[in-house]
Amino acid sequence: MSRILITSAIPYINGIKHLGNLVGSQLPADLFARYCRARGHEVLFLCATDEHGTPAELAAAKAGMPVAEYCAQMHRTQAKLAAGFRLSFDHFGRSSSPQNHRLTQHFAGKLAENGFIAEVTEKQVYSHADGRFLPDRYIEGTCPNCGYDKARGDQCENCTKQLDPTDLIEPRSAISGSTDLEIRETKHLYLRQSALKDDLDAWIDSKTDWPVLTTSIAKKWLHDGDGLKDRGITRDLDWGIPVRKGEEEWPGMEGKVFYVWFDAPIEYIACAAEWAQAQGLDEADWQSWWRTDAGADDVRYVQFMGKDNVPFHTLSFPATLMGSREPWKLVDYIKSFNYLNYDGGQFSTSQGRGVFMDQALEILPADYWRWWLLSNAPETSDSEFTWEKFQGGVNKDLADVLGNFVSRVTKFCRSKFGEEVPVGGDLTEEGAKLIAELDTRIAAYVAHMDAIDIRKAATELRAIWVAGNEFLQTAAPWTSFKTDPDRAASDIRLALNLIRLYAVISAPFLPDASAKLMEALRCETADWPGDVGEALAFMKPGHSFVVPNTLFAKIPDEDREDWAERFAGQRT
RNA sequence: GGGCCUGUAGCUCAAUUGGUUAGAGCAGAGCGCUCAUAACGCUUUGGUUGCGGGUUCAAGUCCUGCCGGGCCUACCA
């Protein structure tokens, strides 16, 4: 047994996430967490909402609520949806927690102490009408290069030229439209990542087993141009963690807050502290996961995220931890994902294009989504959601292959032997062959899960389900029952136990279906199978069960057509 | 512009890291079965591995030049 710390990239507070967000971090993290627990490991699985920054302030203003209240409400919404998808977080925290305030300020203090913070005075655009400094991309104007009149202050979307806000002709606030802008001097703190470049480089080089997607992005940032650049970690905002040097005031930084991407990864640690508090544990309990001087040396730490998050997790956050010169646990493995597209384009939060977490659960139970999304996870390249593929995958894999197997076995047994595991007969030749095949296949499945090769694991799991149908076909208990009922009894006993085995090993993908099967079979223990032969003899003759209701209903064409139309554009 | 990834059957993906005849699932065709959610099983059609060069005893895999797709490029988070 080992101790495994798992974190999912923390979703931004600003609204409900779509399926692309879900499959890129939280869902695969949950799959792995459930699998590790099922294998008997001690797991701490953490996630949280990322609550600071300009978009949160603007979303709150739009909703006519104080930002703290807005975040609290959206946190509850996101927590509820996470529960709906059966995301098994040990704690779902908030980056605005007191624990994160304290830790973020602590890290800033340590970094300053060790010379990794620079104070830089720079010029920023201030909007009088909005009463705030504007991030570059919240300034709009005419592009000096191509004349496009909705160019943003960081880049022109029309000609893709990189811009500085001061380059824009007739700049205006993207928030209010006001042209009453002023360039003001303001002082900010920079994390001197460049001073830690060699340490980071050597550390990344040592991670030879990481996905190429992860290391190539890190390497690019380390070696592009002049190498790793320092990064501003403060902002002129009201909503955020006040800039402090540990417990002390930070002269000259009054009224400023840390930038979300400084405090958001630190929430991974703070979240463990929140977890300990919620569980009534003490400091040492969460520190044993995070401090190598307090027991975290034997922890394996795995992070899950979309590719857009990689630079922060491979560089900025490790730089924060390394620069503290304190014994914090660094990540051991980063599993990163490409994007899931929606029917030929991108999922779009702003345009309401695609399926969002709340809508998905209104349509179908979580297991349907979990299976399709995970078995089509964008691991090696971007992948695409279409309603045809979704319908095809779900109907074939879940309804026909798995669901129908359960149905044919339990119903056959009920009609011939009654609702209990039949008595009589010895293991047949077909049964022995099945056990041998499952031995190999389950070993392959386990190897893929250990390696977090999700699509391959799903493919193998499906093959394991298929093996059950093949077994029934060759054993043909409906025929043998007429001449040799003991033989049929033995094969059906094996098949009923096979359903239990499926429930156990499929649980990381299909937690609800798994629970439903275990209940129908009146089984409580769900130990991971060691010896397959023993696992398939778990339920003894005479063990009673009930025939479960349809495990997975098929998606009819009419529904598919209806949904395709409903989610094509503007969300209502 | 620069960098990275990618292109394999109609579709979605594999191919033990250079090693026999490139494999699965879906879709299509045929046969079988009748326990089951018109489900299941077996067989089968289908490939000049984007295109052209090169290295090698051997290339889907390595090098190179084109062509196409995607992502990142540091103030969205």
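Just so it is clear: chains get the letters A, B, ... in the order the sequence lines come, proteins before strands, and each one is counted from 1.
Rounded to an integer number of Å, the gap from A:Leu498 CG to B:A36 P is 19 Å. Between A:Asp491 atom CG and B:A36 atom P the separation is 17 Å, expressed in whole Å. Atom NZ of A:Lys389 is separated from atom C1' of B:G10 by 13 Å (rounded to the nearest Å). Rounded to an integer number of Å, the gap from CZ of A:Phe481 to C1' of B:A36 is 16 Å.
In this structure, A:Glu379 reaches neither bases nor backbone, as no heavy-atom distance under 4.0 Å exists between it and the strands shown. As judged by a 4.0 angstrom heavy-atom cut-off over every strand, A:Thr550 is placed among the base-contacting residues. Residue-level contact check: A:Pro135 touches the bases, meaning some heavy atom is under 4.0 Å from a base atom. Within 4.0 Å (heavy atoms only), A:Phe312 reaches at least one base atom of the nucleic acid. Within the 4.0 angstrom heavy-atom criterion, base atoms lie near A:Asp308. Backbone-only engagement by A:Val466 is indicated by non-hydrogen atom pairs under 4.0 Å involving sugar-phosphate atoms exclusively. Across all strands, A:Gly227 comes closer than 4.0 Å to base atoms (heavy-atom distances). At the heavy-atom level, A:Gly392 lies nowhere under 4.0 Å from the strands shown. When heavy atoms are screened at a 4.0 angstrom cut-off, A:Lys416 is found touching no nucleic acid atom at all. Residue contacts shown for A:Leu551 include a base, since a base heavy atom lies under 4.0 Å away.
A:Phe412 does not qualify as a stacking partner of the B:C35 base, lacking a centre-to-centre distance under 5.5 Å together with planes within 30°.
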- Check the pair A:Trp239, A:Tyr70 against side chain to side chain donor-acceptor pair (under 3.5 Å), reporting the backbone distance first and the verdict last. CA-CA 12 Å; A:Trp239 175 237; A:Tyr70 172 82; over 6 Å; no
- Message: Using the rule given for ring-ring contact (aromatic ring centres under 6.0 Å, His included), can you reason through A:Phe92 versus A:His75, listing the C-alpha separation, both sets of side-chain angles and the distance that settles it, and then say yes or no?
- Response: CA-CA 9 Å; A:Phe92 187 57; A:His75 175 83; 4.9 Å; yes
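Side-chain proximity of A:Thr479 to B:U34, B:C35, B:C13: nearest is B:U34. Closest to the A:Lys220 side chain, of the nucleotides B:C72, B:A74, B:G41, is B:C72. Comparing B:A77, B:C75, B:U37 against the side chain of A:Arg235 picks out B:C75 as the nearest. Considering only the side chain of A:Trp478, B:C35 comes nearest among B:A74, B:U37, B:C35. With B:C75, B:U73, B:A77 as the candidates, the nucleotide lying closest to the side chain of A:Trp221 is B:U73. Which of B:U12, B:A77, B:C33 sits closest to the side chain of A:Val260 comes down to B:A77.
Across residues 447-464 of chain A, A:Arg455, A:Lys456, A:Arg462 each have a non-hydrogen atom less than 4.0 Å from an atom of RNA chain B (numbered order).
The phosphate of B:C72 (OP1 or OP2) has a side-chain N or O of A:Tyr339 nearer than 4.0 angstrom. Phosphate contact (OP1/OP2 of B:C40, side-chain N/O of A:Lys396, threshold under 4.0 Å): present. A:Lys411 has a side-chain polar atom (N or O) that falls below the 4.0 Å cut-off from OP1 or OP2 of B:U37.
Ring pair A:Phe481/A:Phe417: centre-to-centre distance below 6.0 Å. The aromatic ring centroids of A:Phe317 and A:Trp261 lie 6.0 Å or more from each other.
A donor atom on one side chain and an acceptor atom on the other are found under 3.5 Å apart for A:Asp130 and A:Ser173. Side-chain atoms of A:Glu51 and A:Ser96 include a donor-acceptor pair closer than 3.5 Å.
One can find a donor-acceptor pair under 3.5 Å joining the base of B:C75 and the side-chain atoms of A:Gln124. No hydrogens or angles were tested; on distance alone, a donor-acceptor pair under 3.5 Å links the side chain of A:Asn404 to the base of B:A36.
Residue A:Asp397 is the one, among A:Glu470 and A:Asp397, whose nearest nucleotide of RNA chain B lies closer to the 5' end (criterion: closest heavy atom). Residues A:Pro11 and A:Ser407 both approach RNA chain B. Their nearest nucleotides, taken by heavy-atom distance, put A:Ser407 toward the 5′ side.
Applying the side chain to side chain donor-acceptor pair (under 3.5 Å) rule to A:Ser336 yields the partners A:Thr214; only residues at least two apart in sequence or on another chain are considered.
A distance-only check finds no donor-acceptor pair linking the side chain of A:Glu140 to the backbone of A:Ile175 [under 3.5 Å]. Remark: the backbone N or O of A:Val401 is paired with a side-chain donor or acceptor of A:Asn469 at under 3.5 angstrom.
The glycosidic torsion of B:U21 lies more than 90° away from 0, placing the base in the anti range.
Taking a pair to require two hydrogen-bonding distances under 3.5 Å in either a Watson-Crick or a G-U wobble arrangement, B:C31 pairs with B:G41.
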